[in-house]
Amino acid sequence: MDTLTMAKKKKQLSPNEQLARAIIDQYQPKNVEDMQNALKDIFGPMFEAMLQGEMNSHLGYQNNERGEKESSNRRNGYTSKTLKTTVGDVPIQVPRDRDGTFEPIVVPKRKRDVSAIEDKVLAMYAKGMSQRDIADTIEDIYGFEISHETISEITDSVLEQLEEWQNRPLQKFYTFLFVDCLYVAIRKDYETKNYAVYVIPGYDVDGKKDILGLWLSESESKHQWMQIFDEIKARGVEDVLFISMDGVSGLEEGAKAIFPDVTVQRCIVHLIRNSIKYVPNKDYKRFTAQLKKVYGAASLRAAEAEFERFRQSWSQYPGAVDVWARNWSHVEQLFQYGSAVRKILYTTNPVESVNSSLRKVTKKGAFPNENALFKLLYLRITELYKKWNQRPVNNWALVRNQLDTDEKIQKRIRRYENGGF
C-alpha cells in the first residue's frame with residue numbers, strides 16, 4: 001500500500017466524528033457550557049419530530065390529513081415533558097390521543113431519563129436517516145426490532161416541517177440575493193444520476209440572513225432559474241436590489257424579467273477561476289495579484305488604469321485577458337457603490353458557504369430518493385438558522401449607510417419600510 005493511500009485512509013472519519021465536527025463548525029463553542037447548549041438545541045426538535053412520526057403510525061394518518069379515517073381515534077393536544085440528559089434538562093411536547101392508547105417507543109411513558117441514548121439518536125441522523133441504519137440503532141437501544149413502516153413515519157414527519165418552510169411567505173424586499181447550485185447523486189430508475197440543488201441565501205433590509213428555498217432539477221439552466229424567480233415573487237418578494245451570480249448563460253436576463261430593477265453582479269471570484277484556466281501554474285500568483293489591484297482599486301478611474309496595465313502585462317495569455325474584457329461592465333458597476341457594498345457584492349461566498357455546509361451531509365453517497373435528500377438538507381438549514389441567530393452580517397450599519405447614498409436605492413428602501421409595496 002503506497003503512502004498516499006495510507007494517508008487517505010487515516011483521514012476518513014466515522015459518522016460520529018463527522019457529526020461532532022459539524023456541530024463544532026455550526027455552533028463554534030468556546031467552552032463545555034456552550035457545547036451543552038448546542039446539544040440541547042438539537043435534542044428537543046429531534047425527539048419531538050420522532051414522536052410525531054410515531055403518532056402518525058399509531059393513528060394511521062398524517063397530521064391535518066383530510067378525508068375519511070379508518071380509526072375514530074384522534075389527536076388530543078400535547079403533554080409537556082422534561083427529559084433528563086447528560087447535557088441538562090430538555091423540554092419537549094409529547095403528542096396525545098383521545099383514547100389514551102398511544103405508547104411512544106422513542107420516549108416511553110413515565111420515562112424521563114434518556115441520557116443513555118443521545119449518542120445513538122445522533123448517530124441515526126449522522127447516517128442520513130436510512131431505514132436500515134435507524135432499524136439497527138433502535139434494536140441496539142431497545143433490544144427489539146421496529147418495522148420499516150414505523151421508521152418511515154418517524155423520519156417523514158420532518159417532511160411536513162420542510163413543506164411549510166418551502167412554501168412560507170417571503171419578505172417583500174431583499175437587499176442581496178446569492179444564487180448557485182450544488183450537485184448531489186440520487187438513485188432513480190435503477191441508476192444513479194447527478195441532480196442540481198438550487199440554493200438562494202439572501203439578506204433582508206436589516207442585514208439578517210435567510211435561505212429562500214431549495215429546488216431540484218436535472219441540470220442548471222436559465223429556464224429553471226426563471227421558474228424559481230417567478231416562484232419567489234409569487235411567495236411575496238416584490239423587489240431585490242442585487243443578485244450575485246456565477247456565469248450561467250441567460251441567468252441575468254431571467255432575473256431581470258421577473259425583477260426589472262435588480263442589479264445583477266457577476267461574481268469576481270468566478271471570473272478569476274475562469275481566467276486562470278488560460279494561465280500556467282508558474283504564473284498564477286503574479287497574475288491573481290495584479291488582478292486584485294484591478295477589482296480592489298479605490299475608484300473606477302484607478303481600476304481602469306490598473307486594467308490597462310494588466311492587459312499589457314498579460315497579453316501573452318489573450319484568453320485570460322478576454323474573460324475580463326468581455327465582463328468589464330460587471331467590474332465597472334461595482335464602483336457605483338461604496339467599499340462595504342462592493343465587498344458583499346463581488347463574490348458569491350455567502351451561497352458557497354451555505355453549500356459547503358450542505359455538502360457535509362450529502363457527500364456520503366447517493367440518496368435513495370428526493371425525500372431522503374431534502375429531509376437531510378432541511379435539518380442542516382435549521383442548524384444554520386440557529387448559528388446565525390438572527391444577527392445581521394458584519395458591518396451592516398456601514399453597508400446601509402453606503403446604500404442610502406444612492407438616491408434611487410434609498411427611495412426603494414424607504415418605500416418598503418413605509419409599507420409602500
Do [X] side-chain atoms and [Y] backbone N/O form a donor-acceptor pair below 3.5 Å?
{"X": "Q93", "Y": "Y78", "value": "no"}
{"X": "N369", "Y": "N371", "value": "yes"}
{"X": "R309", "Y": "V294", "value": "no"}
{"X": "S275", "Y": "I272", "value": "yes"}
{"X": "H330", "Y": "R266", "value": "yes"}
{"X": "D406", "Y": "I409", "value": "yes"}
{"X": "S353", "Y": "P350", "value": "no"}
{"X": "R342", "Y": "Y337", "value": "yes"}
{"X": "E218", "Y": "Y195", "value": "no"}
{"X": "R412", "Y": "D239", "value": "no"}

Looking at [X] and [Y], does any basic side-chain N land under 4.0 Å from a carboxylate oxygen?
{"X": "R168", "Y": "D210", "result": "yes"}
{"X": "E252", "Y": "K256", "result": "yes"}
{"X": "R400", "Y": "E417", "result": "yes"}
{"X": "D204", "Y": "K208", "result": "no"}
{"X": "E304", "Y": "R301", "result": "no"}

Would you indicate whether [X], at its atom [atom1], is surrounded by more than 12 heavy atoms from other residues, nucleotides or ligands within a distance under 6.0 Å?
{"X": "F335", "atom1": "CZ", "answer": "yes"}
{"X": "K81", "atom1": "NZ", "answer": "yes"}
{"X": "E308", "atom1": "CD", "answer": "yes"}

Check your understanding: Name the one of F242, F178, F173, W388 that satisfies ring pair (Phe, Tyr, Trp, His ring centres under 6.0 Å) with Y203?
Key -> F178
Can a donor-acceptor pair be found between the side chains of [X] and [Y] at a distance below 3.5 Å?
{"X": "Q333", "Y": "T263", "answer": "no"}
{"X": "E231", "Y": "W215", "answer": "yes"}
{"X": "Y198", "Y": "D180", "answer": "no"}

**Study point:** side-chain hydrogen bond (donor to acceptor under 3.5 Å, both in side chains) assessment of Y317 paired with D283
**Key:** CA-CA 11 Å; Y317 304 130; D283 289 332; 2.7 Å; yes
Review point. With under 30° as parallel and over 60° as perpendicular, where do the rings of F307 and W328 fit, or are they tilted in between?
Key: parallel
Answer yes or no: is there a side-chain heavy-atom contact under 4.5 Å between [X] and [Y]?
{"X": "N327", "Y": "N274", "result": "no"}
{"X": "F176", "Y": "V399", "result": "yes"}
{"X": "N401", "Y": "T405", "result": "no"}

Point to revise | With sequence neighbours excluded, residues passing side chain to side chain contact (heavy atoms under 4.5 Å, CB included) with I258 | key: F229, D230, K233
**Study point:** Results of side chain to side chain donor-acceptor pair (under 3.5 Å) for Q224 - residues two or more places apart only
**Key:**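 Per chain and number, Q224 pairs via side chain to side chain donor-acceptor pair (under 3.5 Å) with no residue.
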**Study point:** Y385 vs W165, side-chain hydrogen bond (donor to acceptor under 3.5 Å, both in side chains): CA-CA, chis, key distance, verdict
**Key:** CA-CA 12 Å; Y385 281 146; W165 174 80; 3.2 Å; yes
